[in-house]
Amino acid sequence: MKTLKEVKAGDKVHVVKLHGEGAVKRRIMDMGLTKGVDVQVRKVAPLGDPIEITVRGYELSLRKADAEMIEVEACAAV
């Protein structure tokens with residue numbers, strides 16, 4: 001499986017699993033990144049940090065370290 005950190009700008013993915021523990025995992029979930037949600041990667045900064053995504057209708061910036069904890073798969077074509 002790949003992580004959100006590996007997704008290219010413009011791609012849409014589906015969250016499969018969250019890794020991490022305690023406060024870090026809770027913070028990611030509080031931002032709306034939960035199992036089953038679709039995420040679109042909007043932009044990736046020149047050095048790869050941060051990553052700008054759209055989730056649940058709003059834009060969010062994530063650090064590479066946080067994006068690495070989010071396991072994703074490609075969205076099914078509709």
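All values reported here derive from a predicted model rather than from experimental measurement.
In the displayed structure, R27 atom CZ is contacted under 6.0 Å by more than 12 heavy atoms of other residues, nucleotides or ligands.
Side-chain contact between I53 and L33: present, with at least one pair of heavy atoms (C-beta onward) separated by less than 4.5 Å. The shortest distance between side-chain heavy atoms of T34 and V15 does not fall below 4.5 Å.
Summarising the geometry, atom NZ belonging to K5 is positioned 4.0 Å from atom CD belonging to E68; distances are rounded to the nearest 0.5 Å. Rounded to the nearest 0.5 Å, atoms CD1 (I70) and NZ (K17) are 13.5 Å apart.
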Exercise. Decide side chain to side chain contact (heavy atoms under 4.5 Å, CB included) for V72 and K2; before the verdict, give the C-alpha distance in whole Å, the side-chain angles of both, and the deciding distance to 0.1 Å.
Key: CA-CA 6 Å; V72 296; K2 68 180 183 178; 4.1 Å; yes
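Taking hydrophobic clusters as Ile, Leu, Val, Met, Phe, Trp and Tyr residues chained together by side-chain heavy-atom distances below 4.5 Å, V16 does not share a cluster with L4.
A pairwise comparison of heavy atoms in A9 and K43 identifies CB-CA, 4.3 Å as the closest pair. What you find for K12 and D38 is that their closest heavy atoms are CE-CB, 4.0 Å. For the pair V37 and G32, the tightest heavy-atom approach, listed with the atom from each and the gap, is CG1-O, 3.9 Å. Between H14 and G36, the closest heavy-atom pair is CE1-O, 2.9 Å.
Listed by chain and residue number, nothing satisfies the side chain to side chain donor-acceptor pair (under 3.5 Å) test with E52 (two or more places apart in sequence, or in another chain). Not a single side chain to side chain donor-acceptor pair (under 3.5 Å) links S61 to another residue, sequence neighbours left out.
R63 and D66 are joined by a salt bridge, as a carboxylate oxygen and a charged side-chain nitrogen come within less than 4.0 angstrom of each other.
The only member of L62, L18, T3, I28 that meets side-chain contact (heavy atoms from CB on, under 4.5 Å) when paired with M69 is I28.
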